[in-house]
Protein chains: 4
Amino acid sequence: MARKPPTKPRKNASQARSRATVDALVEATARILVREGFEKAGTNRIAEVAGVSVGSLYQYFPSKEALVAAVIDRHNREIMALVRAALTEVADMPIETAVRRLVTVAIEAHRIDPKLHRVLAEQIPRTGQLADVEAFNREVHTLVRAYLESRRREMRKIDPALATFICVSAIEAIAHNTVLNQAEMLSDKMVRTLVDEATRMVVGYLR
Amino acid sequence: MARKPPTKPRKNASQARSRATVDALVEATARILVREGFEKAGTNRIAEVAGVSVGSLYQYFPSKEALVAAVIDRHNREIMALVRAALTEVADMPIETAVRRLVTVAIEAHRIDPKLHRVLAEQIPRTGQLADVEAFNREVHTLVRAYLESRRREMRKIDPALATFICVSAIEAIAHNTVLNQAEMLSDKMVRTLVDEATRMVVGYLR
Amino acid sequence: MARKPPTKPRKNASQARSRATVDALVEATARILVREGFEKAGTNRIAEVAGVSVGSLYQYFPSKEALVAAVIDRHNREIMALVRAALTEVADMPIETAVRRLVTVAIEAHRIDPKLHRVLAEQIPRTGQLADVEAFNREVHTLVRAYLESRRREMRKIDPALATFICVSAIEAIAHNTVLNQAEMLSDKMVRTLVDEATRMVVGYLR
Amino acid sequence: MARKPPTKPRKNASQARSRATVDALVEATARILVREGFEKAGTNRIAEVAGVSVGSLYQYFPSKEALVAAVIDRHNREIMALVRAALTEVADMPIETAVRRLVTVAIEAHRIDPKLHRVLAEQIPRTGQLADVEAFNREVHTLVRAYLESRRREMRKIDPALATFICVSAIEAIAHNTVLNQAEMLSDKMVRTLVDEATRMVVGYLR
DNA sequence: TATGAATGAGCATTCATTCAT
DNA sequence: AATGAATGAATGCTCATTCAT
């Protein structure tokens with residue numbers, strides 16, 4: 001197997017100054033990725049947009065890949081924060097409420113930065129971040145599955161892992177396609193309808 | 001907007017010789033994409049594997065992107081053939097049968113060449129082929145929608161476009177995740193269970 | 001141990017055109033090495049001086065090191081040609097004649113291109129060519145030793161390998177220092193005197 | 001001609017603290033040169049190994065070259081100390097004894113730190129220290145020549161400068177090749193034999 | 001038509017050196 | 001004096017594309 005370049009941040013960036021530089025670099029990378037595409041995201045360009053020198057970039061990130069990885073990581077954390085909050089919130093609520101909330105959160109997650117989401121989805125294999133993204137997926141599955149298990153009595157007899165797989169796949173895809181394909185022209189009414197429908201499908205399936 | 005390189009084959013490849021060369025190039029591209037990844041798919045490498053010179057490559061394809069586009073196109077045609085056949089076959093059958101067939105065909109489509117499917121999914125944005133892929137998606141939607149409309153009386157009252165969007169998204173995602181994530185260790189039994197579950201969810205939703 | 005970059009020419013350069021390009025590159029490298037020093041011998045610069053593009057450079061040489069290696073190789077071949085010719089010539093002659101010839105040839109060898117000789121001597125460790133240079137040294141030792149063994153009866157009792165080591169070291173050093181340190185102001189008379197003295201020392205030692 | 005960077009230590013290092021820092025830097029440079037090679041001897045690395053900051057490095061040395069120059073200088077001083085001591089010791093002794101002592105000292109000098117010796121030999125041209133090295137050579141020549149002149153009556157009629165050049169070249173080369181090529185596997189017996197032979201050659205030549 | 005040598009803009013990365021703190 | 005974050009020119013190398021043969 002080919003040796004992959006390192007993708008972990010080089011230093012802990014404990015000092016405020018360093019932290020600012022690191023943030024500027026990650027932010028610049030995300031912006032370029034969104035506005036100009038992956039091809040344009042060269043290290044010199046990134047440094048320029050971040051307002052630092054290439055040298056500084058390499059002081060904090062060992063490679064271009066590490067930078068993209070950091071963007072992915074940041075994005076995943078934002079999404080996970082939403083998902084965790086939603087699931088905590090609905091922990092004691094009935095399935096219908098919970099599923100509706102989950103569908104809503106899935107759409108919200110995609111709406112944080114739809115273009116970034118798309119570019120990252122494409123670039124993940126390049127960055128060796130598949131592992132991290134899978135960890136992310138696993139966490140979502142674990143959380144959802146835990147909820148479903150706690151609500152077993154509202155549901156028909158069904159393997160929780162399987163149910164989780166089916167439901168998460170469906171919800172994620174509907175959110176993804178809704179946000180990425182319908183693009184800008186996405187009225188609140190349409191969103192509400194889609195949430196209703198997706199919820200109906202999933203709840204119908206679980207009961 | 002930046003000028004994109006052309007992505008259409010240069011000539012009609014009417015002669016048999018040309019046709020063979022074009023096929024060899026597309027095939028070589030697909031193989032390298034699958035076996036060595038996008039990074040290794042350089043034009044020189046592709047020409048070499050195809051057994052022709054780079055010069056010949058550019059005689060038939062105006063750019064590297066055009067080559068990848070041709071691979072995408074070929075793959076999409078194969079999938080569409082399956083989908084069309086399936087829908088033709090189930091045109092007069094009840095929803096349950098039809099949905100089961102559709103789910104099955106979605107998994108079969110992903111199984112034609114899972115690795116290629118994944119690589120292409122990642123590379124599509126790079127090739128400017130989004131348009132073609134959307135045409136592909138549109139066709140699937142149109143066909144499914146036509147079927148659903150013809151079966152309206154088996155279904156609850158629901159906007160056919162909306163139902164199509166929901167169902168196709170869910171089915172596609174389940175097939176995609178099933179094949180790409182569960183990778184090789186995918187027993188026939190598991191596939192059957194997944195088909196059952198997906199069918200149940202979709203049919204339950206439509207009725 | 002760290003992986004060294006490759007240092008073998010990339011293709012056989014059988015065609016005349018290729019051959020010319022390869023020669024131009026090697027020649028350009030040697031010139032820059034001599035005239036501007038190792039630091040200036042960048043790949044872009046070398047290509048420029050050779051009148052080709054960097055791309056062509058990398059078509060024939062896999063790395064900068066390979067180029068320097070080729071220069072070393074060429075230089076070593078030139079020297080070996082002199083040495084072999086000299087030893088063939090004196091094969092049947094008495095020690096005094098042979099040693100004088102060898103000393104002369106050593107100085108001639110250094111005079112082929114004294115500056116290049118010096119730069120290469122310095123760069124050899126960088127190029128991973130130590131192996132080749134040692135092969136070169138071994139050949140010299142083998143040839144000299146063979147001669148000495150064939151002349152054993154003119155010599156005192158002495159281990160041939162040891163005698164070869166002592167004599168070759170001494171002759172090489174005198175030639176080296178003569179040419180490189182005394183630089184330009186090296187009259188024919190001085191050279192003759194040095195040849196006389198070195199010959200005297202070595203012959204005296206062997207008898 | 002290109003402007004060379006300065007190579008003299010920046011301050012007199014009169015204070016004890018400064019002296020310690022300077023020593024640490026020179027020592028660190030030597031260690032890295034020996035253990036990791038010239039390529040790894042970056043200023044940041046040197047400072048790190050010396051336990052100071054890059055900033056401090058530049059407080060005492062105006063350039064990387066100056067550091068290497070200091071290492072060369074230190075090494076040369078060590079060698080000169082040996083050579084001077086040896087020549088003082090043999091000042092009143094017969095040629096045979098003196099030459100044997102000189103040969104021995106030459107080998108000892110190379111054995112102080114063979115790897116450092118080799119690296120420095122390679123790096124000298126880069127540092128602009130040729131002048132200093134030549135001064136070193138001149139001193140050796142002067143000392144040896146003075147000895148030879150004082151022993152004229154034991155020798156045949158011969159130009160002392162010429163004799164010095166020949167003898168020093170031969171001795172140095174034999175010591176150099178002995179230590180650097182035969183590497184580790186250099187038994188005491190072999191060394192003794194080589195000293196005997198070299199002495200025989202040089203003494204035979206001078207008488 | 002086919003070939004493959006040649007092109008050169010462009011990219012990731014390094015490292016000696018500076019300077020604000 | 002000391003620090004080490006920041007700098008940015010410079011370098012080795014790749015690869016899509018062209019064009020003389």
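Letters A, B, ... mirror the listed sequences (proteins, then strands); counts begin at 1.
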(request) Measure the distance from CD1 on Ile32(A) to P on dC11(E) and round it to the nearest whole Å. (result) 11 Å

(request) May I ask you to evaluate whether Tyr58(A) reaches the phosphate of dT14(E), defined as a side-chain N or O under 4.0 Å from OP1 or OP2? (result) no

(request) Starting at atom NZ of Lys64(A), determine the distance to atom P of dC13(F), rounded to an integer number of angstrom. (result) 20 Å

Using a cut-off of under 3.5 Å, enumerate the N/O to N/O pairs linking the protein to nucleotides 8-10 of chain E.
unit_1: dG8(E); atom_1: N7; unit_2: Gly55(C); atom_2: N; d: 3.4
unit_1: dG8(E); atom_1: O6; unit_2: Gly55(C); atom_2: N; d: 3.4

(message) Run through DNA chain E and report every stem of 3 or more consecutive Watson-Crick or G-U pairs, distances under 3.5 Å, ordered by first number.
(response) E:2-21 with F:2-21

(request) Mind calculating the distance between CD1 (Ile46(D)) and C1' (dC15(E)) to the nearest angstrom? (result) 11 Å

(request) Could you state the atom-to-atom distance from CG of Leu57(A) to C1' of dA12(E) in whole Å? (result) 10 Å

(request) Only counting residues at least two apart or in another chain, list the ones meeting ring-ring contact (aromatic ring centres under 6.0 Å, His included) with His75(D). (result) His117(D)

(request) Please name all residues satisfying side-chain contact (heavy atoms from CB on, under 4.5 Å) with Arg35(D), sequence neighbours left out, ordered by chain then number. (result) Arg31(D)

(request) Please tell me if the side chains of Val49(B) and Arg45(B) come closer than 4.5 Å, counting only heavy atoms from C-beta onward. (result) yes

(request) Please examine the side chains of Leu57(D) and Leu67(D), heavy atoms only from C-beta on, and report whether any two atoms are closer than 4.5 Å. (result) yes

(message) Tell me the interatomic distance from Glu39(C), atom CD, to dT14(E), atom C1', rounded to whole angstroms.
(response) 15 Å

(request) Provide, to the nearest angstrom, the distance between the CZ atom belonging to Phe61(C) and the C1' atom belonging to dA5(E). (result) 15 Å

(message) So, does Thr21(C) get its side chain near the phosphate of dA6(E), meaning an N or O under 4.0 Å from OP1 or OP2?
(response) yes

(message) What is the distance, to the nearest angstrom, from the CD atom on Gln59(C) to the C1' atom on dA16(F)?
(response) 13 Å

(request) Could you tell me which residues satisfy side chain to side chain donor-acceptor pair (under 3.5 Å) with Arg74(C), sequence neighbours excluded, listed by chain and number? (result) Glu27(C)

(message) Is there a side-chain contact between Phe61(C) and Val22(C) in this structure, where contact means two heavy atoms from C-beta onward sitting under 4.5 Å apart?
(response) yes

(message) In the structure I gave you, are the side-chain heavy atoms of Val71(C) and Leu116(C) within less than 4.5 Å of one another anywhere?
(response) yes

(message) Between P on dC15(E) and CZ on Phe38(D), what's the gap in Å once rounded to a whole number?
(response) 11 Å

(message) Distance check, rounded to the nearest 0.5 Å: Leu33(A) atom CG versus Glu39(A) atom CD?
(response) 10.0 Å

(request) Could I get the full list of salt bridge (Lys or Arg N to Asp or Glu O under 4.0 Å) partners for Asp113(D), not counting sequence neighbours? (result) none

